[in-house]
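Working notes for the structure below.
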Amino acid sequence: MLKDVALYSVEQFEGMRKAGRLAAQTLDFITPYVVPGVTTGKLDELLEQYMRDNGGIPATLGYRGYPKASCISANHIVCHGIPGDKVLYDGDIVNIDITPIVDGWYGDSSRMYFVGTPSVKAKRLVQNAYDAMMAGIRQAVIGNTMGDVGHAIEQCAKAERFSVVEDFCGHGVGRQFHLQPNVLNYGRKGEGMKIQEGMIFTVEPMVNFGGSATLVLSDGWTAITKDRSLSAQFEHTIGITKNGPEIFTLSPKGFDFPPYIDKK
Ligand code: MF3
Ligand code: CO
Ligand code: CO
């Protein structure tokens, strides 16, 4: 099926660079605060303040009625965890997902954080989610298809007998939050939309320790694994260039995956 997908110019890429940079800087900034005893609500306050102080508007706030400036999803929460009174404990793994809007452009990114010292199995899952995202991004080149991206993600997770979430996917992004194309976390080589120069989309696989099934809680947002197994996710926003994928949300501090060690 043919779907409309926007192709962006070099100048428009510059808008995304700024938004993506602020997303990455915000995720860098929050790192030292993600410690045992902190509440997700406190982290959300800090994230909102940092985004606003640096020229960003949190896109999630009021998005389809979503109440907070970030999504914070610990342990068996797959995505869209609503920050609040929830306390983070030693050994938790937690995803923080933010989307600052800068000059009308949306920079969407998330990372996993270790709260204290997680189990070996939790660390393996987090590393795999990062590897799956990067495997997907490596396939995001002109002439490949979206199926190649999904296939690479799925293969990476399955190689360690983890599963990928099928109920949520990446998405086109630009001057709106969620656009075409859908970026599935699974797929077949050569299938789906052809990847073209100027496309902008997120790659954001969720990898589960157990099964792929998810449930949404009665708050209408919080998605969890049906079997309550651990889930991990990373997200970058990328743009397709002649020279390959450009990652707009790379960490200036080199905080690619945890543990995040500040070298300065
Ligand atoms: N940032 C999420 C994504 O990666 C979307 C969150 S929408 C919200 O697409 F409403 F839950 F915040
Ligand atoms: Co996204
Ligand atoms: Co996001």
Side-chain angles (χ1 to χ4, degrees), residues 5-6 16 19-28 30 40-41 43-45 47-48 50-51 56-74 77-84 86 94-102 105-113 129-130 132-134 136-137 140 146 149-150 153 164-185 199-207 214-224 231-239 245 247-251 255 257:
V5 57
M16 287 301 293
R21 189 178 314 122
L22 180 56
Q25 285 168 340
T26 306
L27 293 173
D28 284 355
I30 204 66
T40 56
L43 294 175
D44 184 72
E45 274 175 33
L47 290 160
E48 176 165 7
Y50 187 89
M51 285 188 269
I57 298 164
T60 56
L61 205 54
Y63 176 78
R64 296 174 184 245
Y66 187 82
K68 293 287 176 181
S70 61
C71 297
I72 304 186
S73 307
I77 302 181
V78 172
C79 62
H80 304 164
I82 304 174
K86 185 186 163 54
V94 63
N95 176 276
I96 300 180
D97 190 344
I98 49 154
T99 307
I101 309 166
V102 179
W105 295 96
Y106 289 62
D108 191 2
S109 187
S110 82
R111 290 181 206 154
M112 296 301 295
Y113 297 79
Y130 178 80
M133 173 184 68
M134 293 309 293
I137 291 173
M146 297 309 289
V149 173
I153 290 169
V164 292
V165 170
E166 300 180 2
D167 300 336
F168 299 93
C169 59
H171 50 91
V173 62
R175 274 179 293 215
Q176 285 169 264
F177 205 163
H178 293 110
L179 295 164
Q180 290 298 329
N182 287 332
V183 184
L184 302 181
N185 299 317
M199 285 172 75
I200 294 177
F201 54 85
T202 72
V203 179
E204 50 176 307
M206 296 148 225
V207 178
T214 69
L215 295 174
V216 175
L217 299 185
S218 58
D219 62 20
W221 285 104
T222 311
I224 64 169
S231 186
Q233 178 183 29
F234 286 83
E235 174 175 26
H236 273 316
T237 296
I238 69 172
I247 302 177
F248 297 127
T249 46
L250 276 182
S251 165
F255 288 181
F257 53 85

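Both ligands and their constituent atoms are indexed starting at 1 by order of listing.
- When each of Thr237, Val183, Leu179 is checked for a side chain to side chain contact (heavy atoms under 4.5 Å, CB included) with Val173, only Thr237 meets the rule.
- Annotation: Phe257 is not in aromatic contact with Phe234 [ring centroid separation under 6.0 Å not met].
- The Co ion (ligand 2) has an N, O or S atom of His171 inside 2.8 Å of it.
- Of all the atoms in ligand 1, the ones that sit under 4.0 Å from a non-hydrogen atom of Thr60 are 12 (F).
- Annotation: side chain of Ile82 is in contact with side chain of Tyr66 (closest heavy-atom distance under 4.5 Å).
- Nearest N, O or S atom of Asp108 to the Co ion (ligand 2): atom OD2.
- A donor-acceptor contact under 3.5 angstrom links the side chains of Thr99 and Asp108, judged on distance only.
- Separation of the His178 and Tyr63 ring centroids falls under the 6.0 Å cut-off.
- Looking at ligand 1, you'll find an N or O of Glu204 within less than 3.5 Å of one of its N or O atoms.
- Taking only nitrogen or oxygen atoms, main chain and side chain alike, Glu235 reaches within less than 3.5 Å of ligand 1.
- Within ligand 1, the atoms closer than 4.0 Å to a non-hydrogen atom of His178 are 3 (C), 5 (C), 9 (O), numbered from 1 in the order shown.
- Note: angle at the Co ion (ligand 2), from OE2 of Glu204 to OE2 of Glu235, is 80° (rounded to 10 degrees).
- Checked by distance only, ligand 1 and His171 come closer than 3.5 Å through their nitrogen or oxygen atoms.
- In this structure the side chain of Cys79 never reaches within 4.5 angstrom of the side chain of Glu204, judged on heavy atoms.
- Applying the 4.0 Å criterion to heavy atoms of Thr99 picks out, from ligand 1, the atoms 1 (N).
- Where the criterion is an N or O separation shorter than 3.5 Å, residue side chain and backbone included, Tyr63 fails it with respect to ligand 1.
- Using a 4.5 Å cut-off on side-chain heavy atoms (C-beta onward), Met199 and Pro181 make contact.
- Residue-ligand proximity: Phe168 is placed with every non-hydrogen atom at 4.0 Å or more from ligand 1.
- The nearest protein atom to atom 11 (F) of ligand 1, hydrogens excluded, is given as Trp221 CZ3, 3.4 Å; this is a heavy-atom distance.
- Residues Asp44 and Ser70 have side chains that bring a donor and an acceptor to within less than 3.5 angstrom of each other.
- The OG atom of Ser109 sits 12.0 Å away from the CD atom of Gln25 when rounded to the nearest 0.5 Å.
- The pair Asp28-Arg21 fails the salt-bridge criterion, with no side-chain N (NZ, NE, NH1 or NH2) lying under 4.0 Å from an Asp/Glu carboxylate O.
- With a 4.0 Å heavy-atom cut-off, ligand 1 is reached by the side chain of Cys71 but not by its N, CA, C or O.
- When only non-hydrogen protein atoms are considered, atom 3 (C) of ligand 1 lies nearest to Asp108 OD2, 3.4 Å.
- In terms of protein heavy atoms, atom 2 (C) of ligand 1 is closest to Asp97 OD2, 3.4 Å.
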